[in-house]
Undergrad: 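Take this structure first; my questions come after.
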Amino acid sequence: MGLGAVIWFLAPAPPSSVLLSALLAVCLCGAIVRRASELHRAMFLSLALMAAGMLLAGWETHRAGTTILDQPVVTIATGIVERREAGSGAEWRYVVRLTATAEPTIRRRPERVSLLARSRHEPVAIGAVITGRVRLSPPSGPALPGMNDFAFQSYYAGIGAVGFFLGAPASAGLDPEARNGWLQRFDKALFSFRDRISSRIRDVLPGDTGAFAASIITGERRSMSPEATEALRVSGLAHITAISGLNMALAAGIFFVGLRATLSLLPVIAQRVPIKKLAAGGALVATTGYVLVSGYQISALRAYLMTAIMLTAVLFDRPAISLRNLALAAIGMLVVQPSSVMGPSFQMSFAATAALIAGYAGWTAKPPPLLPRGRSLPARFVAAAGRFAGGTLATSLIGGMATAIFSISHFHRLSPHGLEANLAAMPLISVVVMPAGFVAMLLMPFGFDAPFLWVMGAGLDLVLVVAHAVAAWGDGYVFPRQPAWFIAGTVLGLLLLTLLRTRLRLVGASLFVVTAALAWLAPLEQPPSLFVSEDGRFVAFFVDADRSILATNKKKPPAFLFDQWRPVLDVDALAVPIEADVPPLPERAAWSPDTVQSGDVKDSSRQSPLRQELSDTDQREAANIFKELVRKATPKAFTCLKGACVAKFSNRTLMTLDRSDLLGAACDTADIVILASRSRVAQCRSGTILFTESTLRMSGALEIEIAPGRGKKSSIQVRAAFDGLPRPWTAHRLYDWRTGKSAYNHDITTMAGIK
């Protein structure tokens, strides 16, 4: 099912639902034929499950139907607060269901937006009306081709735009037109309850300690400082902040053991009813409440499904821990949310759990120890401590190895000291933090939670000490982009290793090791030499043959983009732009009287930048300045003045430009022009290669490679983040406000004038 969903999401065009339904029916019929062999039945059933996964992916996409904003806009937004989360400072992040926009009015208005309020203000309550002037933007696409597409995640999360308030937002009271459906009322009550729990924890435990505790109990992680977050990430302890199997198992185990021990003290009950099943039922109720409070995180849902199946198995006297339970949890996730299979949370969570279950099975099947067990109290204490340390070591090692391949593929980083950090921190989490936090949650309605929250905070303070100490040992390994066969080979090897029960599992282990070794030893594919962000404002190229020094057109590269570029490109150093000693460019011409009609807005107060033109004298002056800038350009860095940068790149002149009114002079001067502004001009008449914000909007970020050669005879290869037919999460890039439809994404090389 997961493989079918992956194929549907990665396919250039979605397969027909009718054909998939027919394939599903035929394969199910083939799987129930009596005379068919087991192999044939397994093959038919596998194909049927793949078809079901594709159908579920299509159904979720249709069900989501998220309207994504097609271009940035500043407007006055009014809506209902559905979620809110405190930041590390005074800022708040709101998820708002838009009800109206003004000045200008958005034509294709997203239903939900995520807004950051940095200005100090009285936090707006969940369910209340919030209003203010905001800057909205579409969710970002991949920072480079093949990288994480945030618009994909936003589409399936129902978020159509992201942005921030320009000033403090105002509250207009409760929603006067509140929907009275029971599901909406339950959702509002649940997230209001979650918000009150988080606020209570932060009131008792201020600073990073309270933010850490809130992340473990309610899943809110934005209130932790960047320093603490980075320390947890580098030390390999960031998984603690995600509500996952560890948290859910400890919560269920504490409640199960505590309730069972309490009931065993009552002989009337213990001798008449199966207290083990009563304890399992109580633990199931407790974990259900935990997952509701957690905000439905992917890792929390997976852990809850696993725990619920385990506790239900106890009720029916079935084995509690098995790979079948994991498969049922995966099927439940894929039925409800097939898109989660594309994310690192689903992949890492299920990979770690499968590896741990297989490792536990191997541990319990080991031969008995040769040495006799000690009978004295000190000997038993030493043995128990050894088993605890060995179990923690084995858990950290197995889980770390299983998730390492996804950490390398998605984040291009790997913590080298995660094993030591987990050995030091996990006993604190298991023995101090989680038991104290669970008791605090039970006593919070009665107001007696503070002492236990303090105990929890003391344990978390020690965990943060461990995180900062381990993080100081080094920033970890950085991995450049891996070949496509790396993730395929390692995942297949991991599946064979964890699912098989015979010696054939050695085939999986061998495949895993060989694939990892080949990826480590094989020469890395050289990345392209020129990179362009999806808005054209950030451009960089390698200046050396080793491709370790990156020249950028910004003195301070945008952190959001560059933090993703750096590990993928394996950058060692930056060449900052050089200020050119040339006259400034002519000022912009006066605004034209025409009214702008952009893709989403109609606004008579703004004038169209597309109609600005320079006089002939100013055009000649700009051309002379550009020629002087080209004369001063070098192949080692960008040479810049306000509004333009030039560099010598692969025997060509590369220019980045901020103003569309200078495009004519730029086309006559440079060989490659990258315009960080919208323009109706698609190609330069001079034959210059042109990329504009309008074409980049359709193609996304670019990687460009210019083969060795002289002048314009050298060949150019362009790789775009988006190519082919639009999918629901990319259609907003191709939206044409004139026709109200999405246009076909033409080949970027044709749009740029590359022959």
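In what follows, residues are counted from 1 in the order of the sequence shown. All values below come from the heavy atoms of this structure, side chains included, with hydrogens, waters and symmetry mates left out.
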Undergrad: Rounded to the nearest 0.5 Å, how far apart are OH of Y735 and CZ of R697?
TA: 9.5 Å

Undergrad: Say you draw a straight line from OG of S409 to CD1 of I487; how long is it, rounded to the nearest 0.5 Å?
TA: 3.5 Å

Undergrad: Rounded to the nearest 0.5 Å, what separates atom CG in L292 from atom CG in L190?
TA: 5.5 Å

Undergrad: Report the C-alpha distance between D187 and R83 in whole Å, list the side-chain angles of each, state the deciding distance to 0.1 Å, and finish with yes or no for salt bridge (Lys or Arg N to Asp or Glu O under 4.0 Å).
TA: CA-CA 10 Å; D187 187 77; R83 312 278 190 274; 2.9 Å; yes

Undergrad: Between the side chain of E111 and the main-chain N/O of T66, is any donor-acceptor distance below 3.5 Å?
TA: no

Undergrad: With rounding to the nearest 0.5 Å, note down the distance linking CG in L326 to CD1 in I357.
TA: 5.0 Å

Undergrad: What is the distance from atom CZ of F486 to atom CH2 of W520, rounded to the nearest 0.5 Å?
TA: 10.5 Å

Undergrad: How about F406 and T490: do any of their side-chain heavy atoms sit closer than 4.5 Å?
TA: no

Undergrad: Apply ring pair (Phe, Tyr, Trp, His ring centres under 6.0 Å) to F560 and list each qualifying residue two or more places apart in sequence or on a separate chain.
TA: F150

Undergrad: Look at atom CE of M147 and say whether more than 12 heavy atoms of other residues, nucleotides or ligands are closer to it than 6.0 Å.
TA: yes

Undergrad: Under a plain distance cut-off of 3.5 Å, with no hydrogens placed, do S198 and T218 share a side-chain donor-acceptor pair?
TA: yes

Undergrad: Quick one: list whatever passes ring pair (Phe, Tyr, Trp, His ring centres under 6.0 Å) with F9, sequence neighbours left out.
TA: F152, Y156

Undergrad: Using modelled atom types and a 3.5 Å cut-off, is there a donor and acceptor pairing between side-chain atoms of T287 and backbone atoms of A283?
TA: yes

Undergrad: Once you measure the plane-to-plane angle for F346 and F350, does it fall in the parallel (<30°), tilted (30-60°) or perpendicular (>60°) bin?
TA: tilted

Undergrad: Work out which heavy atom in E220 is nearest to a heavy atom in R194; give both atom names and the distance.
TA: CG-NH2, 3.5 Å

